[in-house]
Amino acid sequence: MAANTTVIGQQDYDRAQQVKQFDQSKLGVKGLVDSGLTSIPRFFIHPPETLPDLRPHTKPQTQQQPIPTIDLSDLHTHRRSSIVQQISRACRTFGFFQITNHGIPSAVLDRTIASIKAFHEQPTEVKAPVYSREMGTGVSYLSNVDLYSSKAASWRDTLQVRLGPIPAVPEEVPEICRDEIVGWDGEILRLGEALMELVSEGLGLSAGRLKEMTCLGGRVMVGHYYPYCPQPDLTVGLTSHSDPGVLTLLLQDHMGGLQVKHGEGWVDVKPVPGALVINVGDLLQIMSNGEYKSVDHRVLANSNREPRVSTAVFFNPSNREGTYGPLPELVAPEKPPLYREFTFSEFMQRFFKKGLDGKALVNHFEL
């Protein structure tokens, strides 16, 4: 019997065939929902031990430490050092924080989310030409980047656009969201530079240290669409993982569903109007020699009829053949390096080989 074939009663179930059929249909999960299905295909069902515990938390909500929200409105005043301290503390404890008064108008935030939603809600035949697992033109629409390597698929579709160092071919970016994505990148680049300075200073480094290492240069945007799931207790929207790069900047809508691992439990990242969510990536944990923490996070399957939409930008070095590891300034006889050195291309090859799978990437580079 083939490795991917299991017997259920008298029926053969060929998982590999089902996954391939779904992928080649280019429907995405949005197409499955639109077809009126009432139960999810079997390859989306996760084993019970990996599913979120969806029962009400035993701790009262007031006892759960919320993800810190940091106000950037006084960034260029005497309060800057206080903001640096707050960000440094959040990076060392939660690995996540939200920022408000970041300078991006709320109209731009709304427009960006609306354009991603509009792309995903086009008819399948309009989106199908963009459907691809390759980013040859810098643009691809697909369901589950790790569809073929994961143990179970997740209930979401994604539009990916490369923003730098070599941006996507403009004509290849779907027209329905093209102007919004270009505008979003401009805003993100300005804000990203400020954030890189703040996290650098929080480590006691010079403000421009991460920028010098090209950490603003490699940027990829993903626009996630989580449609209604008829069996949200059997699957997830995004499986538990940590991000590979330096920093991730996330714009989520009002729906919620993002959860962050903190201690032994999971904490909801409740949407704050106008806020952006920032998190530390694996590479920044390594460069900080373990001072900053990249943390596992996940997204619950959407049980609401209204779709959930979010967009994230991943900041990575653009110098792929440069050597990365703990920064020399953060290594001392009493604080030896925790990780070995590597090139960024080796690092990302390792990431794609292992798929979305917890902290395996960081662990691979430990000394």
Side-chain angles (χ1 to χ4, degrees), residues 13 15 18-19 21-23 25-57 61 64 67 96 113 116-117 119-121 124 127 131 141-160 222-243 248 250-262 265-271 277 279 295-312 355-358:
Y13 171 70
R15 184 182 186 279
Q18 294 293 314
V19 166
Q21 212 174 324
F22 167 69
D23 195 33
S25 75
K26 304 183 179 184
L27 285 170
V29 289
K30 169 78 166 64
L32 294 181
V33 173
D34 290 346
S35 73
L37 91 172
T38 53
S39 60
I40 65 176
R42 189 165 156 198
F43 60 87
F44 283 97
I45 298 175
H46 286 243
E49 63 273 15
T50 66
L51 282 169
D53 180 2
L54 299 175
R55 291 170 302 186
H57 295 287
Q61 210 54 40
Q64 277 196 20
I67 298 297
F96 267 77
I113 286 286
I116 298 298
K117 184 171 187 278
F119 166 78
H120 284 287
E121 293 185 346
T124 299
K127 293 181 292 184
Y131 194 98
Y141 149 65
L142 73 168
S143 187
N144 286 254
V145 71
D146 59 346
L147 182 68
Y148 289 96
S149 59
S150 63
K151 294 180 181 73
S154 300
W155 202 253
R156 77 176 183 287
D157 297 328
T158 302
L159 173 68
Q160 297 185 129
V222 293
H224 292 313
Y225 185 90
Y226 302 89
Y228 165 71
C229 180
Q231 294 175 300
D233 52 338
L234 296 181
T235 190
V236 295
L238 187 55
T239 189
S240 174
H241 69 286
S242 59
D243 294 339
T248 302
L250 171 77
L251 167 61
Q252 55 174 351
D253 65 9
H254 61 286
M255 298 287 288
L258 173 63
Q259 294 186 327
V260 171
K261 190 82 187 279
H262 186 61
W266 291 87
V267 178
D268 294 312
V269 182
K270 294 201 165 136
V277 180
N279 65 279
V295 176
D296 278 353
H297 50 286
R298 67 188 183 193
V299 177
L300 303 179
N302 182 12
S303 59
N304 298 292
R305 290 284 171 181
E306 184 184 353
R308 177 183 190 269
V309 180
S310 68
T311 181
L356 296 175
D357 173 24

Residue pair P307 / Y228, side-chain heavy-atom distance below 4.5 Å: no
Do the ring planes of H120 and Y141 sit parallel (below 30°), tilted (30 to 60°) or perpendicular (above 60°)? perpendicular
F43 ring centre to R15 NZ or CZ under 6.0 Å, with the angle to the axis within 45°? no
For the side chain of N302 and the backbone of Y226, is there at least one donor-acceptor N/O pair under 3.5 Å apart? yes
Can you check side chain to side chain donor-acceptor pair (under 3.5 Å) on T158 and H224, steps first, answer last? CA-CA 5 Å; T158 302; H224 292 313; 2.8 Å; yes
In sequence, state the C-alpha distance, the side-chain angles, and the governing distance for S154 and V236, and then conclude on side-chain contact (heavy atoms from CB on, under 4.5 Å). CA-CA 5 Å; S154 300; V236 295; 3.5 Å; yes
Give a yes or no on whether K26 atom NZ has more than 12 heavy-atom contacts from other residues, nucleotides or ligands under 6.0 Å away. yes
Restricting to non-hydrogen atoms, name the atom on V309 and the atom on D253 that form the minimum distance, rounded to 0.1 Å. N-OD2, 2.8 Å
Heavy-atom side-chain proximity of R298 to L238 below 4.5 angstrom: no
Side chains of L32 and P41, heavy atoms from C-beta outward: is any pair under 4.5 Å? yes
Using atom types as modelled and distance alone, determine if a side-chain donor or acceptor of T311 lies under 3.5 Å from a backbone N or O of V222. yes
Under 3.5 Å, side chain of Q252 to main-chain N/O of V269, donor-acceptor pair present? yes
I want to check something: taking the side chain as every heavy atom from C-beta on, are E306 and M255 in contact at a cut-off of under 4.5 Å? yes
Less than 6.0 Å separating the ring centroids of W155 and F44? yes
Between P271 and G256, the two heavy atoms sitting closest are CG-N, 3.5 Å
Closer than 3.5 angstrom, by distance alone: can the side chain of D157 be matched with the main-chain N or O of K30 as a donor-acceptor pair? yes
Backbone of D146 reached by a side-chain donor or acceptor of S150 within 3.5 Å: yes
Is it true that a side-chain atom of D268 and a backbone atom of K270 form a donor plus acceptor pair closer than 3.5 Å? no
Residue pair S310, L250: steps toward the side-chain contact (heavy atoms from CB on, under 4.5 Å) verdict: CA-CA 7 Å; S310 68; L250 171 77; 3.9 Å; yes
If you apply the rule side-chain contact (heavy atoms from CB on, under 4.5 Å), what do you find for L251 with I113, and how did you get there? CA-CA 8 Å; L251 167 61; I113 286 286; 3.7 Å; yes
How long is the straight-line distance from OG1 of T50 back to CD1 of I45, given to the nearest 0.5 Å? 11.5 Å
So, does T235 use its side chain to make a donor-acceptor pair with the main chain of P232 at under 3.5 Å? no
Determine whether P47 and K151 make a side-chain contact, defined as any pair of heavy atoms from C-beta on separated by less than 4.5 Å. no
Chi angles and distances behind the side-chain contact (heavy atoms from CB on, under 4.5 Å) call for Y131, T124: CA-CA 10 Å; Y131 194 98; T124 299; over 6 Å; no
With rounding to the nearest 0.5 Å, note down the distance linking OG in S35 to CG in L27. 7.5 Å
So, taking the atom named CD1 in I116 and the one named CD in E121, what distance separates them when rounded to the nearest 0.5 Å? 12.0 Å
Taking the side chain as every heavy atom from C-beta outward, state whether Q259 and S240 have any atom pair closer than 4.5 Å. no
For the backbone of F96 and the side chain of H297, can you confirm whether one donor and one acceptor N or O come within less than 3.5 Å of each other? no
dist S242:OG -> K261:NZ (nearest 0.5 Å) comes out at 12.0 Å
Which atom names give the shortest non-hydrogen contact between L37 and I40, and what distance separates them? CD1-CA, 4.3 Å
Does D23 reach the side chain of Q21, with side-chain heavy atoms less than 4.5 Å apart? no
Please check: side-chain N/O of R156 versus main-chain N/O of G237, any donor-acceptor pairing under 3.5 Å? yes
Heavy-atom pair of closest approach, residues F22 and S143: CZ-OG, 3.6 Å
